[in-house]
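The block underneath contains the structure these notes are about, expressed in structure tokens.
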Amino acid sequence: AQKVTQAQTEISVVEKEDVTLDCVYETRDTTYYLFWYKQPPSGELVFLIRRNSFDEQNEISGRYSWNFQKSTSSFNFTITASQVVDSAVYFCALSEASGGTSYGKLTFGQGTILTVHP
Amino acid sequence: GAVVSQHPSWVICKSGTSVKIECRSLDFQATTMFWYRQFPKQSLMLMATSNEGSKATYEQGVEKDKFLINHASLTLSTLTVTSAHPEDSSFYICSARIVGSPLHFGNGTRLTVT
């Protein structure tokens, strides 16, 4: 069975601080996808990133960066120079790889509530 | 990019009535859609997989007779909450699968049963 753990329930930072959200996962699949989504108070899920298990390169997108460590089954997310607009719930999720019939069935972590204070 | 539209955004209904939620893929065909439920301050849990032209596959613990799913076309899946009760009050959100592409979600439906 798949499992995603986000150990940090809530994080509070002051604007311009860097913050890292942790994500650890468990799966028996040899190939899989990892995702991060942002859920603002309005409720919609905003897609941030999808990472294939074969691709361990770290990725940077503006102030966002992701560190994928297959050896420790972790896929951590860092926001650099946080802003008030980053305040939201962030979910890490796991899915079977794209060619599988279960692709798209996401197992979500518990979510991390990030509050950025001005 | 792929867009998934969900309607209504919110609905309030009386206990015992049924509510239908629509999930549409606007610019692509989706043979498979997924329905999730999120209780307040909790994570999202998969309820069922909706397959075009066939019966939905429900996750363990989800009552198929209570949560009716219909996927009659390649662009529309509907979730009907039958005989709703206050404990069904939740945030329901759908996603559509395009193999090889990121998963896109609808904006969700907030259901309140009074």
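Computed from heavy atoms alone, side chains included, the values below leave out hydrogens, waters and symmetry copies. The model shown is predicted, which means the values in this text are computed figures rather than measured ones.
There is no contact between A:Gln6 and chain B, counting heavy-atom distances below 4.5 Å. The contact between B:Glu59 and chain A is made entirely by side chain atoms (from C-beta outward), counting heavy-atom distances below 4.5 Å. For A:Ile113, no part lies near chain B; criterion is any non-hydrogen pair under 4.5 Å. Only the backbone of A:Ser42 comes within contact range of chain B, with heavy atoms under 4.5 Å apart. Interface residue B:Leu44: backbone and side-chain heavy atoms are both found under 4.5 Å from chain A.
A chain of hydrophobic side-chain contacts below 4.5 Å, direct or via other Ile, Leu, Val, Met, Phe, Trp or Tyr residues, connects A:Tyr90 to A:Val13. Tracing side-chain contacts under 4.5 Å through hydrophobic residues (I, L, V, M, F, W, Y), one reaches B:Val19 starting from B:Val62; they form part of the same cluster. Cluster membership check: A:Val24 does not share its hydrophobic cluster with A:Leu106, using side-chain heavy-atom separations under 4.5 Å among Ile, Leu, Val, Met, Phe, Trp and Tyr.
Considering CD of A:Glu44 and CZ of B:Phe91, their distance stands at 7.5 Å, rounded to 0.5 Å. Rounded to the nearest 0.5 angstrom, A:Leu45 CG and B:Ser95 OG are separated by 9.0 Å. The structure places CG of B:Leu103 at 4.0 Å from CZ of A:Phe35, a figure rounded to the nearest 0.5 Å. Atom CE of B:Met45 is separated from atom OG1 of A:Thr107 by 8.0 Å, given to the nearest 0.5 angstrom.
A donor-acceptor contact shorter than 3.5 Å links the side chain of B:Ser43 to the backbone of A:Gly109. Proximity of a side-chain donor or acceptor of B:Arg97 to a complementary backbone N or O of A:Tyr103 within less than 3.5 Å is detected.
In the displayed structure, A:Gln57 atom CD is contacted under 6.0 Å by at most 12 heavy atoms of other residues, nucleotides or ligands. For A:Lys38, the NZ atom sits in a packed shell: over 12 heavy atoms of surrounding residues, nucleotides or ligands are nearer than 6.0 Å. Atom NZ of B:Lys64 is surrounded by 12 or fewer heavy atoms from other residues, nucleotides or ligands within 6.0 Å. A 6.0 Å sphere centred on NZ of B:Lys66 holds more than 12 heavy atoms belonging to other residues, nucleotides or ligands. Atom CG of B:Leu26 is surrounded by more than 12 heavy atoms from other residues, nucleotides or ligands within 6.0 Å. The environment of B:His7 atom NE2 is sparse: at most 12 non-hydrogen atoms of other residues, nucleotides or ligands sit within 6.0 angstrom.
Between chain B and the residues A:Ala93, A:Ser95, A:Gly111, A:Gly43, the most heavy-atom pairs under 4.5 angstrom are made by A:Gly43.
Between B:Phe105 and A:Tyr37, the angle of the ring planes goes over 60°, which puts this pair in the perpendicular group of the 30/60° scheme.
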